[in-house]
Amino acid sequence: MKTVWIGILWVMGTVSLLAQNNNKLLQSPARKLQLAEFAISHLYVDEVDENRLVEEAIVRMLEKLDPHSTYADPEEVKRLNEPLQGNFEGIGIQFNMASDTLFVIQPVSGGPSEKAGILAGDRILEVNDTVIAGVKMGTEEVMRRLRGRKGTKVKVGVQRRGVADLLPFTLVRDKIPVYSLDAAYMVDGQTGYVRISRFAATTAGEFADALARLRKQGMRHLVLDLQGNGGGYLNAAIEVANQFLGKKELIVYTEGRKNPRTEFHAEGDGSFLDGKVVVLVDEFSASASEIVTGALQDWDRALVVGRRSFGKGLVQRPIDLPDGSMIRLTVARYYTPSGRCIQKPYESTEQYNRDLIDRYNRGEMVSADSIHFPDSLKTNTLRLGRTVYGGGGIMPDYFVPVDTTYYTKYYRQLRDKGILVQLNLRLIDEHRAEWKRRYKDFARFDQEFTVLPAQLELLRDMGEQAGIAFNEEEYQTSLPLIRTQLKALVARDLWDMSEYFQVINRLNESVKKAVELINQELFP
C-alpha cells in the first residue's frame, strides 16, 4: 500500500510541477487533453480501457465539426478501403446467402475458385472443416472465414447438384479485383450507356476502356449514370471529367482555412470531347459524383437529368494513426467551375441525417415545384449563361420524379423479405445449364426469354410461405416490375451486371428521358 501511495504522489507531483514550470503549456488544448488522459489512466479508482477512452474522445471531438469528419478503427479502415482500392484478398466468388447457405452465383474470372474448379450453382457448406450452412452464421462472419492474405490456403466443402458426396477443394487466396463500373452497353445504334457505382482507384481506367469499347460499337453520344453513386476519390472524379472537357477548362477547385485554393484543370486529351452527354443523378449521388456533374453542367458540356443530388461539398483528408485506425478530417470545401459550393447545411447532425426524409415528406421526390433556392445561391453556366444554383446539391436540368407506379405494398414485402432473390436463385439452380444451351448470347435471351406463369405462381406460393398475404390487385399492378426484375436477375447470373442493367433500365424513367433528349436536335 505504501508503494501505491508513493506512486500516486509522484504522479500528482509531476503534474503539479509541470503546471508550475510551464503555465502556457498547460493552457494548450492538446496538452490539457493529454494530461486528462494521463491522470485518468494512472489515478482513476478502477481499471480503464485507455484505447476505448481515447477512441471515444476522438469520436466526440469529430462529432462537433461536421457530418463527414469521422473516425474508423483498423477493421473499419480495411472494409472502407477495399472497394476504393480496387481489390481485396480472398477466393473470388460472387455469392448470395439463400436459406442460410452460401450459393455461388459465379466465380470471378481467373480467380482462385475458378482455377480450382468451383462452378456457378455450387453451395459451400464447410470452411476449414467448420460447417457454415444451416447454423445461422451471418454474411460478415462467412466472408471473414473465406477472406485472408494472398498466398494463404483455405479448405472448402462444396455441394454440387447431381453429386452425392461433398466435394473438397483447397483454394489459394489471391488478390480479387473490385470493379467500380457496373455496366457499359449500347442503348441504340448511336448512344452508349455507362454506369459508375463509385469513384475508386481503378475507375479512370475502367471508364476509358468502356468508352473505347463503345466507340468501336458506333457510340456517338453517352448517358453517364451516376445515380446512387456516393462518391470516392477526388482524383478519380477529375480523371473522369477530363474525358469530356477541353484543355485548361477548370474541373473543380478546393479551398479551406489551412488549405489555399487549389485548382484542377482538364488536360484536353480526353476521348469524348464531342458528342451529346446526359448525366443521371438522384438524391444519393454525392461528393465525387457531384464534382463530375457540376463540372459538366457548368461548362454546358452535358445536360443533367434526375433529382437533386445529395449535397456534399466537403473534402476529407485521411490521417493514418499508428494502430491502423484513421481519421477522415474535413480540410476544405470544393467548388464547381462557376464557383458553386453545393454543400447542404449541417447545423446539427440529426437534421443533416434527416434531410432526405424531409425532402420526401415535403414532396420533392415527386415534384420539382417544392424546391426553392435563394437568389444568393444563383450563378450561371460558363458558356450559355444558364441559371444554376449552389448550396444543397446539384439541381438537374430536367427533373424526373421517383417512379412509384409499380411499387405496391405487396411488391415491397416480396422484395424486403428476399422472395424475388430466392426465386431467382432457385430458377438459376434448376435451369442454368438449359438456359445456357438455349440462349447462346444475351441478344437472343433478351428477345426470347420470358418469366413463365408457373414461375410466377411459385413466387406467390413462396410469398405466402413467408407470411405475405396475396393481393391480386397489387400483384397485377406490380407484375411488369416483377417480370422485369426477375428477368434482369437471371441475365445477371447468366452473364454480368451490364446485362442486368440492359433489362432493368427499360423501366428507368431517367434513362428514358436521357435517350429522348439525345435524340432531340436542341442540345448544349
Side-chain angles (χ1 to χ4, degrees), residues 29-42 44 47-93 108 111-112 127-128 130 132 137-154 171-180 197-203 230-237 254 256 258-259 286-288 312 314-332 349:
R31 186 60 176 155
K32 185 176 180 180
L33 183 65
Q34 186 179 18
L35 287 171
E37 192 279 329
F38 181 82
I40 291 169
S41 62
H42 288 82
Y44 185 65
E47 282 288 328
V48 294
D49 184 336
E50 286 188 69
N51 289 329
R52 185 177 63 82
L53 281 178
V54 170
E55 284 189 359
E56 289 188 357
I58 293 171
V59 169
R60 294 289 181 241
M61 284 192 293
L62 293 173
E63 284 177 350
K64 299 296 183 182
L65 304 180
D66 67 88
H68 298 292
S69 290
T70 57
Y71 169 82
D73 64 36
E75 281 302 310
E76 290 172 323
V77 170
K78 188 176 180 182
R79 288 198 300 271
L80 289 169
N81 283 341
E82 279 177 352
L84 296 179
Q85 289 172 341
N87 63 71
F88 66 92
E89 295 177 346
I91 66 171
I93 55 170
V108 174
V127 178
N128 286 334
T130 298
I132 65 168
M137 187 177 290
T139 303
E140 284 291 326
E141 177 62 19
V142 170
M143 290 173 64
R144 188 187 66 80
R145 292 172 182 270
L146 291 174
R147 289 186 176 186
R149 294 190 311 277
K150 176 181 177 180
T152 59
K153 295 180 179 180
V154 58
L171 309 175
V172 181
R173 297 182 179 100
D174 203 347
K175 283 194 176 296
I176 309 300
V178 178
Y179 298 108
S180 58
S197 61
R198 69 185 73 87
F199 286 90
T202 58
T203 300
Y233 291 146
L234 173 64
N235 285 346
T254 63
K258 294 291 186 179
N259 289 267
S287 191
K312 180 181 181 292
L314 302 176
V315 180
Q316 283 73 49
R317 175 177 295 167
I319 299 172
D320 297 320
L321 301 177
D323 63 348
S325 60
M326 182 179 71
I327 291 173
R328 286 173 52 82
L329 186 66
T330 298
V331 296
T349 301

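Remember, predicted model here, so these are calculated numbers, not experimental data.
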Worksheet, complete the sentence: Between V48 and Y44, the two heavy atoms sitting closest are CG1-CD2, 3.5 Å
Worksheet item: Quick one: NZ on K78 to CD on E89, what's the gap to the nearest 0.5 Å?
Response: 7.0 Å
Worksheet entry | Salt bridge E56-R52, side-chain N to carboxylate O under 4.0 Å | yes
Worksheet item: With a 4.5 Å heavy-atom cut-off, do I176 and P112 have their side chains touching?
Response: yes
Discussion item. If I take atom CG from residue L33 and atom CD1 from residue I58, how far apart are they, to the nearest 0.5 angstrom?
Written reply: 8.5 Å
Worksheet entry | Pairwise side-chain contact, V54 with E37, heavy-atom cut-off 4.5 Å (strictly under) | yes
Item to complete: Sequence neighbours left out, what pairs pass salt bridge (charged side-chain N to carboxylate O under 4.0 Å, His left out) with at least one residue falling in residues 314-328?
Response: none
Fill in: Lys/Arg N to Asp/Glu carboxylate O, R145 vs E141, below 4.0 Å
yes
Worksheet item: Less than 4.5 Å apart, any side-chain heavy atom of L171 and any of L146?
Response: no
Fill in: Partners meeting salt bridge (Lys or Arg N to Asp or Glu O under 4.0 Å) with R147 (sequence neighbours left out)
E82
Response to the item:
Taken in chain and number order and not counting sequence neighbours, the residues that satisfy side-chain contact (heavy atoms from CB on, under 4.5 Å) with T139 are F95, M97, M143
Response to the item:
Sorted by chain and residue number, the side-chain hydrogen bond (donor to acceptor under 3.5 Å, both in side chains) partners of S69 (sequence neighbours excluded) come out as D66, T330
Discussion item. Run the side-chain contact (heavy atoms from CB on, under 4.5 Å) test against V59 and tell me which residues pass, sequence neighbours left out.
Written reply: E63, Y71
Worksheet entry | Backbone N/O of A332 and side chain of N259: donor-acceptor pair under 3.5 Å | no
Discussion item. I'd like to know if the side chain of S180 pairs up with that of R198 as donor and acceptor (distance under 3.5 Å, no hydrogens or angles considered).
Written reply: no
Worksheet item: Nearest 0.5 Å, what's the CG-CZ distance between D174 and R149?
Response: 14.0 Å
Fill in: Student check: side-chain heavy atoms of I327 and M61 closer than 4.5 Å
no
Item to complete: Would you please name every residue forming a side-chain contact (heavy atoms from CB on, under 4.5 Å) with A237, sequence neighbours left out?
Response: F199, A288, I291, V292
